[in-house]
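Only one structure is covered here, and it is reproduced in the block below.
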There are 2 protein chains.
Amino acid sequence: MWRLYQFPLCPFSRKVRLLLSEKGVGYELWRENPWEPSEGFWRLNAAGRTPVLEDKAKGVVLADSRAICEYFEETVDRAAMINGTAANRAEIRRLVALFDENFYGDVVAPLLHERMKKRLVLRQPPDSRVLREAMKLAHEHLEYVDWLVETRAWLAGSTMSLADLAAAAQISVADYLGGIDWTGHDEARGWYAVFKSRPSFRPLLTERMEVIQPPAHYGKVDA
Amino acid sequence: MWRLYQFPLCPFSRKVRLLLSEKGVGYELWRENPWEPSEGFWRLNAAGRTPVLEDKAKGVVLADSRAICEYFEETVDRAAMINGTAANRAEIRRLVALFDENFYGDVVAPLLHERMKKRLVLRQPPDSRVLREAMKLAHEHLEYVDWLVETRAWLAGSTMSLADLAAAAQISVADYLGGIDWTGHDEARGWYAVFKSRPSFRPLLTERMEVIQPPAHYGKVDA
């Protein structure tokens, strides 16, 4: 049995959870708070970050969300998520990096700092200037998602791919933290609503991070 | 002919250049300064970052250094760099992420800001406190490299892999910017010296970024 070291608002863990569910791979959750990584966790992953996936019986430890996704893409045929020609696969991986790096750095990382770490650890009020900037950048990223969805069935092409999972994972955390204003983003909202109704996404939408509550529309499939 | 959009001290472009050379893929260099990306460059890559690889004749544009490396690994058999079992490949990709994200974020990004951007763009002196912290973290990362090289022939296992290219690319930029003190890191230095003598690495070591000069040992293969 795989054990996934994660915390509820880690977007990279969410991407891995979506992939494992789509592929039908079972796992148990193990909570690892980013502000107090345990000594054992550093030994599992020198990068000190969630997600890490461990199978103790087999002695396998996988770290880094993209490495984990590539591993299951190579070892589990069901629900191929990095598919098509080499150019298609490069496009999928480009978009995964865009959401993992740019959307995360512009939007999710500042929201996590202001709305999670300051609340739970630093006991400080959020900086409204930082929140406004993150929401402005979220708007720009959603315009790009609107454009992708206008021109393609799914973000990277004609079929659902890891790019959709990576984007949905990041957007879902930003949405939980009140960082997404969906007004004017009908295309992106339509794509995301389809995603929210998938069985792989339901467990994520019903989870709550202690103290921090999402806005009312967050868990609703038709919102 | 592939055109690589890059600048001389971009570690991600260096990783791609090392891979293309090892695989025998020809390309031309196209300078793109990170502090003044051209309008055309944003159209090529929504993430706004080097490296981007373009083949105009074929109408192919590849962006994100890991997506680019996976593309050539899939399309060029020569010099396999993500090789072995699924677990081996996951270990290679974990280390690539460790150097691309942690080493870059801890060491190379602050060095580029203090020693390149402040010099060429902001016209400010570097902050010695930031430089000291980057060098302290470089030391810790090199201890990890020492440990890897003590236990394995190459960073990710028994053969050279993309992990070695990613590490050498990041370390070479840090070394150029005077951020590496090799004292006490004999294992890492030995591994890096082997790398420096490879034909794929020579063009990088002889290039210079205007105004900014590397320390004397930087380009020497036996130093």
Side-chain angles (χ1 to χ4, degrees), chain A residues 12 42-49 51-55 58-76 82 84-106 109 140-141 143-145 147-148 155-156 162-163 166, chain B residues 12 42 44-49 51-55 58-76 82-106 109 140-141 143-145 147-148 155-156 162-163 166:
Chain A
F12 305 100
W42 279 99
R43 277 195 297 272
L44 280 180
N45 182 13
R49 268 194 301 274
V52 171
L53 208 56
E54 183 182 31
D55 185 332
K58 291 188 184 151
V60 180
V61 177
L62 306 172
D64 178 67
S65 71
R66 275 183 257 178
I68 293 170
C69 292
E70 296 276 354
Y71 177 89
F72 286 99
E73 186 68 9
E74 291 178 0
T75 55
V76 181
I82 310 174
T85 65
N88 294 148
R89 293 159 62 89
E91 175 65 359
I92 292 166
R93 293 187 178 108
R94 174 186 78 81
L95 287 169
V96 170
L98 185 71
F99 287 97
D100 279 3
E101 296 175 26
N102 293 51
F103 193 95
Y104 177 75
D106 290 344
E140 291 176 16
H141 281 286
E143 285 192 332
Y144 190 66
V145 174
W147 177 77
L148 288 173
L155 296 194
L162 191 59
Chain B
F12 305 99
W42 279 99
L44 281 179
N45 182 13
R49 269 193 301 272
V52 170
L53 208 56
E54 182 182 31
D55 185 331
K58 291 187 185 151
V60 180
V61 177
L62 306 172
D64 176 67
S65 71
R66 276 183 254 176
I68 293 171
C69 291
E70 297 276 354
Y71 177 90
F72 286 99
E73 186 68 9
E74 292 178 359
T75 56
V76 181
I82 310 175
N83 220 355
T85 65
N88 294 147
R89 294 160 62 89
E91 175 65 357
I92 292 166
R93 292 188 178 108
R94 175 186 77 83
L95 287 169
V96 170
L98 186 71
F99 287 98
D100 279 4
E101 295 176 25
N102 293 50
F103 193 95
Y104 177 75
D106 290 344
E140 291 176 16
H141 282 286
E143 285 192 331
Y144 190 66
V145 174
W147 176 78
L148 289 172
L155 296 194
L162 191 60

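These numbers were taken from a predicted model, which means no experiment stands behind them. Order of the sequence lines sets the chain letters (A, B, ...), proteins ahead of strands, with each chain counted from 1.
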How would you list, by chain and number, every residue that makes a ring-ring contact (aromatic ring centres under 6.0 Å, His included) with A:Tyr144, sequence neighbours excluded?
->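 With neighbours one apart ignored, the set is A:Trp147.
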Which one, B:Ala90, B:Ala47, B:Gly48, leads in non-hydrogen pairs under 4.5 Å with chain A?
->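 Heavy-atom pairs under 4.5 Å are most numerous for B:Ala47.
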Does A:Glu54 use its side chain to pair, donor to acceptor, with the backbone of A:Val61 at less than 3.5 Å?
->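 Here the side-chain-to-backbone pair does not exist.
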What part of A:Arg94 is in contact with chain B, defined as an atom under 4.5 angstrom from a non-hydrogen atom: side chain, backbone, both or neither?
->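 Both backbone and side chain of A:Arg94 come within 4.5 Å of chain B.
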For chain B, the option from A:Ser65, A:Ala87, A:Ala86 that forms the most heavy-atom pairs under 4.5 Å |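 It is A:Ala86.
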For A:Glu140, what residues pass the salt bridge (charged side-chain N to carboxylate O under 4.0 Å, His left out) criterion, not counting sequence neighbours?
->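 A:Glu140: no salt bridge (charged side-chain N to carboxylate O under 4.0 Å, His left out) contacts found.
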Test side chain to side chain contact (heavy atoms under 4.5 Å, CB included) on B:Leu148 and B:Leu95 and set out the steps.
-> CA-CA 11 Å; B:Leu148 289 172; B:Leu95 287 169; 4.0 Å; yes
